[in-house]
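All remarks here apply to the structure that follows.
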Amino acid sequence: MKKSKFVPPYRKAGKTTFPETINRSGVYLSKENNKLVYIGFSGSNLYKTMYRHFERWHHKGQEVINYFGKDKRNTYSVRVVLCTAIQAMKLERVLIKKHKPRDNSQMYIEYDLKPTDLKVFETYQGIELVDLPEMNF
């Protein structure tokens, strides 16, 4: 498991900050004006799942959390945590339950954490933050 520091989702000239997350599993945490507002995970393509929140998109049957167009008024930063798909699913639940981000649904509020969920969270807390060049995706 590796976790990055919070950084803007885009670099200068509109280039994405995390291209190496394509076809990788993990968790992402999004901040708006330095406040945690959303936590998500992907079991197969973290890049696509994370960046759709910063682009125009629609999905039938799924609530869309989108920050597209708001980036002129707000400052966004993102942390990625690279891990297995199972770890990502568990870590997302624990982090949502712990932080209760504004834009996440309330689906995990009633969820009872299992010992394996807590073990993944302990691992997450114990790892050091890594600068992007040092992440070695």
Side-chain angles (χ1 to χ4, degrees):
M1 186 179 295
K2 293 182 180 182
K3 81 179 161 184
S4 73
K5 296 177 179 179
F6 277 96
V7 295
Y10 293 95
R11 298 175 193 213
K12 292 181 181 176
K15 298 216 180 232
T16 58
T17 306
F18 299 103
E20 296 85 355
T21 60
I22 295 172
N23 297 324
R24 301 287 302 269
S25 60
V27 175
Y28 59 99
L29 297 87
S30 299
K31 284 186 173 182
E32 179 183 271
N33 301 325
N34 224 16
K35 181 179 181 192
L36 188 62
V37 292
Y38 191 79
I39 299 169
F41 93 99
S42 175
S44 60
N45 193 339
L46 185 59
Y47 181 90
K48 181 180 176 184
T49 304
M50 175 177 53
Y51 278 105
R52 70 180 181 190
H53 297 287
F54 298 97
E55 299 171 352
R56 188 181 313 263
W57 69 286
H58 303 282
H59 189 281
K60 292 180 182 177
Q62 181 179 351
E63 181 182 359
V64 175
I65 306 298
N66 193 309
Y67 307 110
F68 180 79
K70 295 180 182 179
D71 56 352
K72 304 246 188 281
R73 296 177 297 222
N74 299 303
T75 303
Y76 291 93
S77 59
V78 178
R79 165 182 286 162
V80 296
V81 182
L82 297 178
C83 53
T84 68
I86 292 171
Q87 286 175 322
M89 181 181 65
K90 293 176 180 186
L91 183 58
E92 181 206 34
R93 285 193 295 235
V94 174
L95 291 173
I96 290 172
K97 193 162 175 86
K98 177 178 175 33
H99 296 290
K100 299 174 182 61
R102 176 193 74 199
D103 295 338
N104 281 97
S105 69
Q106 302 298 309
M107 62 191 238
Y108 294 126
I109 300 305
E110 300 293 324
Y111 180 81
D112 290 326
L113 296 175
K114 296 177 174 69
T116 56
D117 298 334
L118 298 174
K119 185 174 181 182
V120 170
F121 180 67
E122 288 172 11
T123 301
Y124 166 80
Q125 285 189 296
I127 58 175
E128 292 185 32
L129 296 175
V130 179
D131 286 323
L132 291 179
E134 300 168 6
M135 259 189 117
N136 296 323
F137 293 94

Look at the side chain of [X] and the backbone N and O of [Y], then say whether any donor-acceptor pair between them is shorter than 3.5 Å.
| X | Y | result |
| --- | --- | --- |
| Tyr124 | Lys2 | no |
| Ser42 | Asn45 | yes |
| Gln87 | Thr84 | yes |
| Arg79 | Ser4 | yes |
| Arg11 | Thr17 | yes |
| Lys15 | Lys12 | no |

Quick one: are [X] and [Y] in side-chain contact, heavy atoms under 4.5 Å?
| X | Y | answer |
| --- | --- | --- |
| Asn104 | Tyr38 | yes |
| Phe6 | Leu29 | yes |
| Tyr76 | Ser30 | no |
| Val37 | Lys31 | no |
| Lys90 | Lys114 | no |
| Phe41 | Leu46 | no |
| Thr49 | Tyr28 | yes |
| Asp117 | Leu91 | no |

Closest heavy-atom contact between Ala85 and Ser25?
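Distance-wise, the nearest heavy atoms are N-OG, 3.3 Å.
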For the [atom1] atom of [X] and the [atom2] atom of [Y], what is their distance to the nearest 0.5 Å?
| X | Y | atom1 | atom2 | answer |
| --- | --- | --- | --- | --- |
| Leu113 | Arg93 | CG | CZ | 8.5 Å |
| Lys97 | Ile39 | NZ | CD1 | 13.0 Å |
| Lys35 | Ser77 | NZ | OG | 13.5 Å |

Find out if a path of hydrophobic residues (ILVMFWY) with successive side-chain heavy-atom gaps under 4.5 Å connects Val78 to Ile22.
yes
Hydrophobic cluster membership, with links at side-chain heavy-atom distances under 4.5 Å among I/L/V/M/F/W/Y: are Leu118 and Met1 in one?
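Yes, because Leu118 and Met1 connect within a single hydrophobic cluster, where side-chain heavy atoms sit under 4.5 Å apart.
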Is the shortest distance from a Lys or Arg side-chain nitrogen in Glu128 or Lys3 to a carboxylate oxygen in the other one below 4.0 Å?
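No, this pair does not count.
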More than 12 heavy atoms of other residues, nucleotides or ligands under 6.0 Å from CD1 of Ile127: is that the case?
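Yes, because the 6.0 Å sphere around CD1 of Ile127 holds more than 12 heavy atoms from other groups.
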For Asn33, does the CG atom sit with more than 12 other heavy atoms under 6.0 Å from it, leaving out its own atoms?
yes
Worked verdict on Leu95 versus Val27 for side-chain contact (heavy atoms from CB on, under 4.5 Å):
CA-CA 10 Å; Leu95 291 173; Val27 175; 4.2 Å; yes
Tell me every residue that passes side chain to side chain donor-acceptor pair (under 3.5 Å) with Thr16, counting only those two or more places apart in sequence or in another chain.
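Counting only residues at least two positions away or on another chain, Thr16 forms a side chain to side chain donor-acceptor pair (under 3.5 Å) with Tyr47.
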